[in-house]
Undergrad: 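A single structure is presented below for examination.
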Amino acid sequence: MKKIRHAVQLIFAILLNSDFFNVIKILISGKARVSATVMKNICVPGLNCYSCPSALGACPIGALQFYLNDVSLKIQLKEKLNFAGLYILGFFGFTGILGGRLFCGWVCPFGALQELINRITKKNVTLPNLLEKGRFVILAVFVFILPLFLYNISLLSPWFCKLICPSGTLLAGIPLLLIDKDLRSSASYITLLKFTILLFIIISLLFSNRFFCKTMCPLGAIWGIFNRISIFNINYDKNICISCGKCSNKCPMNLDVIKEYRSSKCIRCLECNSACPTSSLTFGKYKN
């Protein structure tokens with residue numbers, strides 16, 4: 001199962017970042033430019049930065065912030081709201097009801113990258129529950145409240161993207177800074193802040209697998225809300241479970257699986273399913 005999942009992650013990482021023509025143009029010109037394909041109007045199921053040189057689609061978290069920026073501007077100017085942006089909320093609802101955090105475990109490129117970094121040490125320390133609530137704080141403050149109430153039209157204010165997002169720093173910021181000297185000359189304290197956050201996350205991943213997913217990811221926080229009710233879900237048969245604990249030992253999210261198999265923290269990676277000797281944990285359509 002692990003090999004299949006990693007293959008799926010690789011396929012999606014390539015599919016979501018396949019604007020190779022834009023990468024070639026950037027390398028030839030030495031100037032940073034964002035891919036401008038028609039696909040950029042479509043959200044992709046993962047934390048995949050809009051500004052990444054090869055990205056085809058839009059990160060749903062970034063799209064949500066820009067929509068809230070637009071709502072803030074319309075309110076300030078007393079103009080009619082653009083309800084077309086509700087498509088973004090529909091995206092979250094559709095993907096969440098379909099599989100919850102399944103997309104974290106099987107699709108998200110930054111999630112896959114975290115697993116690769118953790119393989120250096122293979123350590124997975126259990127984090128305090130309070131620290132893991134941080135993803136909901138970041139979601140509320142940096143994705144909803146600040147973009148909606150502290151919006152500056154001259155600067156744009158996707159605060160999570162601007163101040164925190166490690167995926168954007170690693171997959172967009174670093175490549176573009178390396179290529180474009182003009183962009184390097186305009187780097188500021190915000191650039192230093194984002195590099196510091198990225199370094200902190202990378203170091204943390206050496207001690208706890210998917211550290212960012214557990215503690216900081218607002219996209220996982222949204223999808224996790226749907227984990228208990230999604231159509232495709234993990235089902236548990238207590239009648240054949242022998243309580244051996246092998247499922248929990250394999251869980252990258254440090255869950256007590258037979259108690260938390262529908263927790264908002266579960267990424268549906270199915271490591272528990274593969275480890276279970278009695279097949280008491282199965283993945284399929286939701287069962288009570």
Undergrad: Without swapping roles, check the side chain of S72 against the backbone of L148 for a donor-acceptor pair under 3.5 Å.
TA: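 Yes.
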Undergrad: Counting C-beta onward and ignoring hydrogens, is there a side-chain heavy-atom pair between I234 and C266 closer than 4.5 Å?
TA: yes
Undergrad: For I190 versus K162, what's the shortest heavy-atom pair and its separation?
TA: CG2-O, 3.3 Å
Undergrad: For the ring pair F232 and Y286, is the centre-to-centre distance below 6.0 Å?
TA: no
Undergrad: Would you check, one step at a time, whether the test side-chain contact (heavy atoms from CB on, under 4.5 Å) holds for S248 with L255?
TA: CA-CA 6 Å; S248 296; L255 299 179; over 6 Å; no
Undergrad: Looking only at side chains, do N17 and N48 share a donor and an acceptor under 3.5 Å apart?
TA: yes
Undergrad: Can we call the ring centroids of F211 and F200 under 6.0 Å apart?
TA: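 For F211 and F200, the ring centres are under 6.0 Å apart.
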Undergrad: State plainly whether the residues K2 and E115 are in salt-bridge range, i.e. N to O under 4.0 Å.
TA: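 So K2 does not pair with E115 through a salt bridge.
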Undergrad: Answer yes or no: does atom CG of L130 have more than 12 heavy-atom neighbours from other residues, nucleotides or ligands under 6.0 Å?
TA: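 12 or below, so no.
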Undergrad: Give me the ring orientation class for Y236 and Y261: parallel if the planes are under 30° apart, tilted from 30 to 60°, perpendicular past 60°.
TA: tilted
Undergrad: Checking the side chain of D19 only, and the main-chain atoms of L56 only, is there a donor and an acceptor separated by less than 3.5 Å?
TA: no
Undergrad: Do F21 and T37 touch side chain to side chain, with heavy atoms closer than 4.5 Å?
TA: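 F21 does not reach T37 side chain to side chain.
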Undergrad: Please indicate whether R228 has more than 12 foreign heavy atoms, meaning atoms of other residues, nucleotides or ligands, lying under 6.0 Å from its CZ.
TA: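 Result for CZ/R228: open.
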Undergrad: Please determine which of R268, R101, R262 meets the side chain to side chain donor-acceptor pair (under 3.5 Å) test together with S230.
TA: R268
Undergrad: Is there a side-chain contact between F195 and L199, using heavy atoms and a 4.5 Å cut-off?
TA: no
Undergrad: Are K74 and D70 close enough for a salt bridge, meaning some N to O gap below 4.0 Å?
TA: yes
Undergrad: Over all heavy atoms of both residues, which pair between F212 and L205 is shortest? Give the atoms and the distance, please.
TA: N-CD2, 4.4 Å
Undergrad: Would you indicate whether the side-chain heavy atoms of N209 and K123 approach each other to under 4.5 Å?
TA: no
Undergrad: Quick check on the hydrophobic clustering: are M216 and I145 connected, directly or via other members, by side-chain heavy-atom contacts under 4.5 Å?
TA: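 Yes.
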Undergrad: Is there a path of hydrophobic side-chain contacts, each under 4.5 Å between heavy atoms of I/L/V/M/F/W/Y residues, joining V257 to I240?
TA: no
Undergrad: Within the side chain of S208, is there an N or O that forms a donor-acceptor pair under 3.5 Å with the backbone of V125?
TA: yes
Undergrad: Kindly assign one of parallel, tilted or perpendicular to the pair F103 and W223, based on the angle between their ring planes and the thresholds 30° and 60°.
TA: tilted
Undergrad: Any luck finding a side-chain donor-acceptor pair between S264 and R135 under 3.5 Å?
TA: yes
Undergrad: Closest heavy-atom contact between L47 and C217?
TA: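 So the minimum-distance heavy-atom pair works out to CD2-SG, 4.5 Å.
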Undergrad: Can you find a pair of side-chain heavy atoms, one from L146 and one from F160, that are under 4.5 Å apart?
TA: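 With C-beta onward as the side chain, the pair stays apart.
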Undergrad: C213 vs M253, test: side-chain contact (heavy atoms from CB on, under 4.5 Å). Steps then yes/no.
TA: CA-CA 9 Å; C213 295; M253 301 299 283; 4.2 Å; yes
Undergrad: Regarding S35 and N22, is there a side-chain donor-to-acceptor distance under 3.5 Å anywhere?
TA: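 No - no donor-acceptor pair under 3.5 Å links their side chains.
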Undergrad: If I compare all heavy atoms of R210 with all of G105, which pair ends up nearest, and what's the gap?
TA: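 Shortest heavy-atom contact: NH2-CA, 3.9 Å.
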Undergrad: Under the 6.0 Å and 45° cation-pi test, does K40 pair with Y50?
TA: yes
Undergrad: Spell out, yes or no, whether L68 and L163 are grouped together once hydrophobic residues are joined by side-chain heavy atoms under 4.5 Å, including indirect joins.
TA: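 Linked within one cluster.
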Undergrad: Flag yes if more than 12 heavy atoms outside F12 fall under 6.0 Å of its CZ atom; otherwise flag no.
TA: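 Atom CZ in F12 is not crowded, with 12 or fewer foreign heavy atoms closer than 6.0 Å.
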Undergrad: If we ignore hydrogens and angles and just use 3.5 Å, is the side chain of S54 paired with the main-chain N or O of F20 as donor and acceptor?
TA: no
Undergrad: Which atoms form the tightest heavy-atom contact between I117 and L206, and what is the distance?
TA: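 Closest approach of I117 to L206: O-CD2, 3.7 Å.
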Undergrad: Any idea which heavy atoms bring A275 and K250 closest together, and the distance?
TA: CB-CG, 3.6 Å
Undergrad: Return yes if some donor-acceptor pair links the side-chain N/O of S186 with the main-chain N/O of L183 below 3.5 Å, else return no.
TA: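 Pair found, side chain donor or acceptor close to backbone of L183.
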Undergrad: Quick one: does N235's side chain have a donor or acceptor within less than 3.5 Å of a partner on F283's backbone?
TA: no
